[in-house]
Amino acid sequence: MTKVDDAPCGETGGAAHFPERWPRSFGRRKGRTLSLRQSALLVEGLQNRSIDVSQPLDALALKRLFPDSVQDIWLEIGFGGGEHLVWQVANNPRVGVIGAEPYLNGVVSAMDALVTRELTERVRVYADDVLALLRGLPPECLSRAFMLFPDPWPKKRHRERRLFSAHLLDKLAPLLRPGAEFRFASDIDDYAEAAIEAARSHPAFDIARVFTTDNRDTMPDWPVTRYEEKARKQGRGATFLVLHRAI
Ligand SMILES: C[S@@+](CC[C@H](N)C(=O)[O-])C[C@H]1O[C@@H](n2cnc3c(N)ncnc32)[C@H](O)[C@@H]1O
């Protein structure tokens, strides 16, 4: 089994080159014990399809991580089991996707689906805290980003762990091309409200659309994620937010 560092990034410094402290926004890194096949998938996936930002990447080095056919690079933050990521890769043949997800069982599920569908070529995985990844990417390299149903941290004393924040927007903004889209969704009302407020007051972002589950079918290229489905089953609708990087 791959050895996993369970220490909170914010409390240890996370990636060694990342000096800032930030509260850890994710829960566990490991779930059910992986089978031999899953462990092999994980090790192989991390060896061949991961993205190394221990040294900051320049634009050319990033481009070289993907096939020549890739014209745009998208980022999915917290892809969970990877259902949305896999759908986007399958449906956008000119796009390369970087997925950040510290939950290793989720990374395995995504790798499994990507291998089965022969889609690994256009994917790079960062199996850790996205904030460390953001620090290593070159300016204006992303033409779309997603953060769908981030961990809700409902208790007041945990609010600072919420990943969508002015801090995250500060780090993401310089990496997005002008006009690039950033999609966010949450089934937690006060999280969605706080996200709208953070976006509204951030100079680098414009709010292009806000809609709820009632208007969900207006976005056919935004598939339902596992957590959205779970929330639906529990009777919770969601709020969806489309931001644009200000031009
Ligand atoms: C509630 S799940 C949602 C998963 C998926 N987006 C969906 O909608 O089904 C939130 C995910 O975000 C991941 N996450 C939390 N903090 C993160 C961080 N700092 N960087 C990357 N992923 C993070 C968690 O590990 C978890 O898998």
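Order of listing sets the numbers, starting from 1, for every ligand and every atom in it.
- Taking the six-membered ring for Trp and the full ring otherwise, His244 and Phe205 have centroids separated by 6.0 Å or more.
- Close approach of ligand 1 to Glu101 is summarised as follows: ligand atoms under 4.0 Å from at least one heavy atom of the residue are 11 (C), 12 (O), 13 (C), 24 (C), 25 (O), 26 (C), 27 (O).
- Residue contacts with ligand 1: Glu76 is placed with no nitrogen or oxygen under 3.5 Å of a nitrogen or oxygen of the ligand (distance criterion only).
- Residues that satisfy the side-chain hydrogen bond (donor to acceptor under 3.5 Å, both in side chains) test with Arg226, not counting sequence neighbours, are Glu83.
- Taking the six-membered ring for Trp and the full ring otherwise, Phe182 and Phe164 have centroids separated by under 6.0 Å.
- Nearest to atom 9 (O) of ligand 1 among the protein's heavy atoms is Tyr227 N, 3.1 Å.
- Heavy-atom separations between Gly106 and ligand 1 are all 4.0 Å or longer.
- Close approach of ligand 1 to Thr225 is summarised as follows: ligand atoms under 4.0 Å from at least one heavy atom of the residue are 7 (C), 8 (O), 9 (O).
- Every residue meeting the side-chain contact (heavy atoms from CB on, under 4.5 Å) condition with Pro67, not counting sequence neighbours, appears here in chain and number order: Ser69, Val70, Glu121, Arg122.
- Residue-to-ligand polar distances place Leu148 within reach of ligand 1: an N/O pair is separated by less than 3.5 Å.
- Counting heavy atoms from C-beta on, the side chains of Ile196 and Val210 come closer than 4.5 Å.
- You'll find the side chain of Pro150 reaches within 4.5 Å of the side chain of Phe184, heavy atoms only.
- Under the 4.5 Å side-chain criterion, counting only non-hydrogen atoms from C-beta, Pro138 is in contact with Leu62.
- Residue contacts with ligand 1: Val130 is placed with a nitrogen or oxygen under 3.5 Å of a nitrogen or oxygen of the ligand (distance criterion only).
- Between Asp221 and Arg183 there is a salt bridge, since at least one side-chain N of the basic residue sits less than 4.0 Å from a carboxylate O of the acidic one.
- Scanning the protein for heavy atoms near atom 22 (N) of ligand 1, the closest one is Pro102 CD, 3.1 Å.
- In this structure the side chain of Leu57 reaches within 4.5 angstrom of the side chain of Val53, judged on heavy atoms.
- The residue from Leu85, Asp129, Asp151, Leu134 that puts a heavy atom closest to atom 15 (C) of ligand 1 is Asp151.
- Annotation: atom 10 (C) of ligand 1 to nearest protein heavy atom, Phe149 O, 3.5 Å.
- Residue contact check: Leu163 has heavy atoms under 4.0 Å from atoms 16 (N), 17 (C), 18 (C), 19 (N) of ligand 1.
- Considering backbone and side-chain atoms together, Gly78 places an N or O closer than 3.5 Å to an N or O of ligand 1.
- Atom 17 (C) of ligand 1 has Ser25 OG, 3.4 Å as its closest protein atom, hydrogens excluded (heavy atom only).
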